[in-house]
Structure formats: structure tokens, C-alpha cells
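Scroll down for the structure; my scribbles are underneath it.
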Amino acid sequence: MNLRPTRTSRIATKFACVAGLLLIMATELVLSARRQSQTWDEAYHMLAGYRYWQARDYGINPEHPPLVKLLAAIPLVVAGPRVPAVPKGTSKFEGFVDARKFLYSNDADVLLFRSRMVAALLSVLLALLVFKATEEFFGTAPAFLALALFVFEPNLLAHGGTVTTDVGVSCFLFASVYAFYRYLKERSSLRLIECGFVAGLTLAAKHSGVLVLPTLMLLALGELFLIRARTEVAAGPAPPVRASVNKPALRLTAALAAITAVAIIVLWSFYGFRFQARPGNLEMTPSLAQYMRGSGALPALKNPVLFFPISESARFHLLPESYLYGWADVLIGSANPRPSYIFGRLHPHGLWFYFPMVVLIKSTLGMLILLALGLASQALRRNQFRRETIFVALPPAFYLGMSMTSGMNMGVRHILPIYPFLLTLAAAGAWALANNHRAWRFAIAALVAFHIISSLRTYPFYTAYSNEAWGGPAKTYRVLGDSNVDWGQALKTVKQYLDRHDIHDCWFAYFGSADPSYYGIPCKLLPDTFITWWGRPVVVAPAEYQGTVLVSANELASPYFGPVEMNPYTGFQIRTPVENLGGSVLVYQGRFDLSLASDWSRLQRAWELSGRHQLEPAVAEARAVVADAPRMVYAHFTLGSLLLQAKQKDEARREYQAAIALAREVYPEYQWSWVPYLEAQLKTM
């Protein structure tokens, strides 16, 4: 009697196991998404995607290409939500404000959840690709190991259920590398077009997706290296024939050119093959040329090596205007100093070691050890795995290396595309080690279990994950900031906590673009640098307060206020919170000095009065703040601006000059942007 499983039963078992793991992942994404309030960019992406479907208006949110936004907006097209008036301007400020109105004038929870679930399909697709590619590269057993690691990877779970572009670019970059591998194994026109198509999807997912093209070039060079090595071995002591390498080099060059051409055509298709970003007579504000040269308080794109190709591409309509606008935005943002927060310290600029350290902090210890074992495994360096090893090791190394040169240290999500490759590499190497040395099998199994348990322990608050060596999710805010910890996602958890403890009198320093009132949060809002965007009446904070204060982790890190005396919430950094909500909002109780926060809210109140044409009380409020906080640049700027409105130019000039002097004296590395802006204002007076 033959008890060996038939081929059909093996296929059915494999299908059932893959489906089971994907079901677990889908369940994690669904349940986690339901527990999270809107994160910073989601409403903006949703409004943009809806406008793309509705009017082909690609001037909204050009910072990111359309693909993911179009996908996530499909449920909105079906629902037909109320939409604010067509925006005349296209600045980020106007976009975020309109997006917030759009989301919260409808059933925000329903729309957000539906859009998140459609976007989450990219996570499922990526999981399938990881399994399929790993199986073709290294075999079925490593593929299951890679899929298990993927399903419980906290960083992929954190961003896999949000309406953002990070998982999208991760998915299509991995798919492009896999498609190129398939083309090299069996060259055909169909596989070449397939690779170009997927590369085009990568370009259309996020601007960093442009790295797909140099990645494929590097992989082509790796292929030529392998061809040369095989030729030298075959030739023995005789010198290799140069033509044996030159001919494949020409073929690969032609293939890469074809892939690039197809990718660009696919990219154009997402903009409707139209150069102009906006339909009809609508224009970008500012225009692309103005934006690149600097406009108002906006910095310019000064590097001619970057300025020239964008301007010439616009001049000759080589790429869509919206895509070029987004590129200018990304390059301006990365070229100018942007604070980064790591190891409990705020730095005025990006750090080359930031992203490698983020990987060590936010990856599970189980995965990191498996990766180290995989890299150390001699099995991956065997002849039959050389091409496959290059294809899973080179792309993440290149992507990480490029990220290390960026000045934008804003979170692990910006290097999310390296994770599918790292998980594949870890699984393949660890399995090879276990297969060659039976004693290692229990250790590998224990590490996989450790990875899974560490991930499950942080459910459903994956955004704030850090591994046990750094104290876990409750301590992540002490070493990292921004979307590594706090992206505005904890409002539902805050509401539950306040209800559970029957707290109604409280103050909340909230970082995020969501609307706390939508979730029924009774706290009065303390100031942050974006609070005036949302148009809510300003509530002036007391200089002293006794009771409950909630502070978002990003307000503690203070990348937007600055360090020490520039940060209204510095005093909370040395206090111990009574509760940590979802890893991102800290709860404090007691007596607090809120004098600097009070000064900020009074300045915002002054601007509010000015908007109502009540200049006299506005100037009086700003004067009082300058007297209380004479070293605050923003106070002098506000008073100077209000005096200018009151046609008191001489005194306004003195306030601007005082602001410039302070910007050069008080932590100038964090206030560099004030000086050129204020000097430009002085010239117009």
C-alpha cells in the first residue's frame, strides 16, 4: 500500500497552508485597522485618489504618484461621499485642510476602513510574491519560512493596513526584481514586457520607486559578473574570450532599455497620458518653476544637478508635470536640514546611521538573529544559489545605502522595501543551515517562535513596535520618534482610556491630522505647530495646571518645535507617565508648568484675532507674549507681522530684526529657515 502523498494532495496541502497564513495576516490587518484612528497622510491620500477618479486632477497631493491613492479610493467612488469645493490651490496646507474636511464631513470611520482594506490587498499580494519568489529561488520549505516571518513582521503589519504608499512601493519593487529574475532564467518578449510593466507600477507607487531602475542595472551587472566567472572557469588556464561577455552585455543593455521604456509608458498611463497636472484651466500653486526656485517661506531646489533634469523634463514634456512636481518636493525636502530623533536626542539634520539603527530597533530579535545566521551560512554561497543570493541581497543593500544619504529620517516606513528581501534572505539561509546541521533545527524553530510571539505581544499597536532589547513598544518613544512611534493613530485608544477612568477635564498635546472631537475626546487641545491649520477656535492654555495631561510621543521628541527651551513639552521628558496608550500617547497626572505652551496658544490666539480684523487686541496679546518669552523667535515674528498689518512699519522692522538675531543665537541649527525668510520680508518693507 502506497502511503506517500500524491502530487495533488501535496499541492492541496501547500495551498491550504499558504491560505491559512494569509488568512492570519488578513485578520491581523483588519483588527488592527479598526483600532487605529486616521494617521497623518491618509485623508490627504484618500481625497487625492477620489479627485483623480472624479476629475483627473493630479495637482492634488503630487508629493506621491497616483497608483496607491487610486486603488484606495475605489470604495469612495462607490460610496459617493460629500466632497468640499474644488480646491483652487494645491499647496500641502490647502490639501491637508481640504482632506480633513472631506473625511470628517462624511462617516470617517467607514470610509477610512474601506479604503484601508483595499490598500491592504497590496500586503497580501506582497506576501504571495515573497512565497512564490522564495520557492523559485530556494525551495518550498524556505518559502514557508519566509511567509511565516512575513505574516508576523510588525513593521509590515503597522503600515500594511493604512492608506499610504510604503507597502505599495515595497510590493512592486520586489515584484520587479522577481520579474527580472524570471526574464534572465528564460528570456522572452512576454517576460521582458512583464518586467517593464511591473517596474512602471513601482514608479507609479512612490517617488522612491525610481530606484527600481538602478537596482535592475546593478542586478544586470551581477549577472555579467556570474557569466564572466563561469567563462573563466570553463576557459581554464587560457584567457577568456571577451566576446563571451560582450554579447550578453549588449543583450542586457537592450533589455534594460526596453524595460525602462515600458515602465515610463505605464507611468504616463496613470496620469492619463496628459502632461498638465490639473484639468481645464486650473494651475499648480505655486507653479513648478516657482516651486523649484523657492516661493515665500519655501526653500529652493539649489542643486543644479537636480534642478536641470527636472526643468528640462518639464520643458520638453518628457514626464508628467505632477510627477515632476512631486520629485521637486522630495528633493527639496531631502536637501534641506530636517530634524531627526534617535536614542532620545533630537538632531538638527539627518544621520547616516539612522536607518541601520532603526532596523536594529524595530525588527524582531528573532528575525535579526535568523538574518545573521542566513548571512553567515555558507550554503547561500554555493554555485547553485549565487544568482538567487545576489537577487535577494543586492536590492536591500542598495536601497538602504541610498536611504542613508537622505536627510529625511522619518521612520522605518521609508525603508520598508528592504524587508521582503531581508525576510527571504533570512529564511533561505536559516533553512540551509538547519538542513545541513540537524542540531540547528530546534534553534531555528525557537527563533521563528520568538519572532511570532514578539509580534503578537504588540498587537494591535504595531506602529510603536520595538524589540525587547530596547524595552518593547512601551519604551520605543524614548529612542525613536515620528512614524516609528506616533503618527496620530491612537485617538480611539485615548477615548477608551478617558471613558474607563471617567476623565473629562484634561489637556491634550496631540500630534496628528485627525479630528479628536470626532472621537468624542473631551480634552482641550494644547498647541502644536499644525493646530492652526484645522480652523478650530484657539483655547488658551493656562500657565499652570493640575490634573491630567496627555502628550503625543512626537510632541516629546519635538522635531517641529526644536530642543530644550524651544519645546513647550520639555518638562514632560523627565516625568514618568502613569500610562502609555498604544505606545504613542503618554498620560501624566499632577501639577504642571505649561507656561511655554500657554505662550504658543496666546500667539495662535493673536493670529485668530487678526483674522477677525481685531488688530488692536491681537497686537496686545503678541506684545504680552514677547514680554513673557523674549527669546522666542515665533513671538517676535508674530508681533512684527501684526504690527505690519497695523501699518507700524518701524516697530515691525525692529521685531523682525530681533527675530533674526535670536534665530542666529538660539539653537540656530534648528532655526536656519527663519533668517532668509525674515530678511526677504524686510526687503519688501
Side-chain angles (χ1 to χ4, degrees), residues 52 56 58 62 64-68 70-71 125 129 133 165 168-224 227 245-277 288 305-306 308-328 330-331 390-391 394-395 398-399 402 417:
Y52 299 164
R56 300 296 187 265
Y58 303 107
H64 300 278
L67 191 157
V68 178
L70 283 168
L71 181 66
L125 175 60
L129 285 169
T165 56
V169 72
S170 303
C171 177
F172 296 118
L173 178 62
F174 188 86
S176 298
V177 170
Y178 179 40
F180 191 53
Y181 172 85
R182 283 166 46 81
Y183 168 74
L184 291 180
K185 278 187 66 178
E186 184 182 327
R187 290 178 172 84
S188 69
S189 298
L190 183 61
R191 289 195 172 188
L192 187 67
I193 294 171
E194 174 190 295
C195 185
F197 177 76
V198 180
L201 297 181
T202 311
L203 296 178
K206 190 172 182 175
H207 279 96
S208 60
V210 75
L211 293 178
V212 68
L213 300 177
T215 298
L216 297 182
M217 292 178 191
L218 289 173
L219 291 172
L221 290 175
E223 181 70 10
L224 291 176
I227 292 172
V245 177
N246 288 348
K247 190 174 180 181
L250 290 173
R251 283 203 306 264
L252 282 172
T253 301
L256 289 171
I259 289 169
T260 302
V262 173
I264 291 174
I265 292 171
V266 171
L267 176 65
W268 270 101
S269 72
F270 279 93
Y271 293 93
F273 294 100
R274 190 186 73 208
F275 173 75
Q276 287 80 9
L288 176 59
V305 177
L306 303 175
F308 180 77
I310 295 179
S311 61
E312 291 303 295
S313 295
R315 178 185 173 192
F316 293 105
H317 293 192
L318 301 180
L319 291 169
E321 180 186 29
S322 178
Y323 186 76
L324 294 171
Y325 204 103
W327 256 118
V330 170
L331 294 172
I390 289 173
F391 268 73
L394 193 150
F398 174 66
Y399 200 98
M402 293 299 295

First locate atom [atom1] of [X], then atom [atom2] of [Y], and finally report the distance between them rounded to the nearest 0.5 Å.
{"X": "S269", "Y": "F197", "atom1": "OG", "atom2": "CZ", "answer": "7.5 Å"}
{"X": "W268", "Y": "L203", "atom1": "CH2", "atom2": "CG", "answer": "13.0 Å"}
{"X": "M217", "Y": "L213", "atom1": "CE", "atom2": "CG", "answer": "6.0 Å"}
{"X": "L216", "Y": "T260", "atom1": "CG", "atom2": "OG1", "answer": "8.0 Å"}

**Study point:** With Y58, the ring-ring contact (aromatic ring centres under 6.0 Å, His included) member among Y323, F273, Y271
**Key:**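 Of the listed options, the one satisfying the test is Y271.
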
[Y] and [X], any side-chain heavy atoms less than 4.5 Å apart:
{"X": "Y399", "Y": "S208", "answer": "yes"}
{"X": "F180", "Y": "L256", "answer": "yes"}
{"X": "L252", "Y": "R187", "answer": "yes"}
{"X": "L211", "Y": "L173", "answer": "no"}

**Study point:** Test item: T202 side-chain N/O and F172 main-chain N/O as donor-acceptor pair under 3.5 Å
**Key:**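 The answer is yes, because a donor-acceptor pair under 3.5 Å joins these two groups.
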
Exercise for review: Look only at the side chain of R56 and the backbone of Y52, and say whether a donor-acceptor pair between them is shorter than 3.5 Å.
Suggested key: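 Side chain of R56 to backbone of Y52, a donor-acceptor pair under 3.5 Å: yes, one is there.
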
Check your understanding: More than 12 foreign heavy atoms under 6.0 Å from CZ of F398: is that the case here?
Key ->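 Yes, enclosed.
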
Review point. Should R191 and E194 count as an ion pair when the cut-off is N to O under 4.0 Å?
Key: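 Result for this pair is no, no salt bridge flagged.
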
